Amino acid sequence: MPKQLARGVPLLSRSARYKKSGKWAVKHRGPVEGQVKKSKAVVTTKTEKKLGKKGTRTVVRPRSPRFYPTEHVPTKLYSRPPRPPKIRPSLVPGVVLIVLAGKLRGKRVVLLKVLPSGLLLITGPYKINGVPLRRVNPRYVIATSTKIDVSAVEVPAQLNDEFFKKPANSAPKKSQEEFFEGDKKDKKKEISPERKELQKTVDNQILPIISNQEYLKEYLNAHFGLNKGEYPHLLKF
Amino acid sequence: MPSQPIRLYTKGVVLGYRRSKHLQYPQWTLVRIEGVKEKTDTQFYLGKKVAWVYRAGKKNKDGSNIKVMWGKVATSHGNSGVVRCRFRHNLPPSAFGATIRVMMYPSNI
């Protein structure tokens, strides 16, 4: 907003503004060398309008374009490309995490990788505590000071956000009979053999590293829980 | 599966609403968290989710009558470790003196 003395009264007069803008110093008003000036060809219609005693004046109006889309297609707003997620420094691959909520609450798991969506890729390993390759929200996890050296572990590139995403139509559409039968609560979820293979590939790299460290296997098998007299603000994780 | 249920929250007690002598603010409930005795100790709990778990009269179709009211620890209150919480819907006065669960998430460790 230009500076105003009062509403509608600008600080600088028109001539002062012109002087300040420096437009008077610009000498070359023609096209820049090398730049081809695009001329917009707007098809116009000119009609003569009668103004009675004053005579006539030409009214120039641009013609409506020949082709235009039948449906209004909104222009896409600029969205900046996704950047790598910002994760707190304690969440490093190889760290043992305590999961605080969800089905896995209280379990100690190994962090494999930070996925581009910002979620963490973890594994039990499955043989130790029954936790499969899974994604987990970093906010629902505590990073302990226990670390495993996973620099040699190769996480298959297949394990990304797309792999773990639930398919769009995950709920099967019920047939008429099934609808009248009611909800079946214990529907066993089939785990694809591909997942089992990937689980083995990853875990077989990690299990020897874990067995090297004393008590680490038992540690990962144990659950975390607060006991009497244990307060999280006093605990050192 | 553990033989005993594991606790992943700290217990707290609802002291009442934030108030002066004659005026109370039901938006804020005061909670004393177990083990938190000083203002400096409350730093860990700020932002943590808080839940009042209670039993309602009727049992729902899954057979349970347990209900939860969720909130967050907002700020510390005073010098002795009491904490102000804000719930999605204000806590009813029947919750005064009740035990509240202060969860360990959203975690910042």
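Source: prediction; values computed, not measured. By convention in this document, chain letters (A, B, ...) are assigned in the order of the sequence lines, proteins followed by strands, and residues within each chain are numbered from 1.
Taking a 6.0 Å sphere around NZ of B:K49, one finds it holds 12 or fewer heavy atoms contributed by other residues, nucleotides or ligands.
Taking the ring centroids of A:F224 and A:F237, they lie under the 6.0 Å cut-off. Aromatic ring centroids of B:Y17 and B:F96 lie under 6.0 Å apart. Note: B:Y105 and A:Y140 meet the aromatic proximity criterion, with ring centroids under 6.0 Å apart.
With 3.5 Å as the limit, one finds a donor-acceptor pair spanning the side chains of A:D149 and A:S151. Between the side chains of B:S80 and B:E38, no donor-acceptor pair is found at a separation under 3.5 Å.
Residues of residues 78-90 of chain A lying within less than 4.5 angstrom of chain B, judged on heavy atoms, are A:R88, A:S90 in numerical order.
Remark: B:R101 is not positioned above the aromatic ring of B:W52, lacking an NZ or CZ atom under 6.0 angstrom from the ring centre and at most 45 degrees off the axis.
Interface remark: B:V102 contributes no atoms to any contact with chain A (heavy atom separation under 4.5 Å). Heavy atoms of B:Y45 lying under 4.5 Å from chain A belong exclusively to its side chain. For A:V95, no part lies near chain B; criterion is any non-hydrogen pair under 4.5 Å. For chain A, no part of B:Q43 is nearby; none of its heavy atoms comes within less than 4.5 Å.
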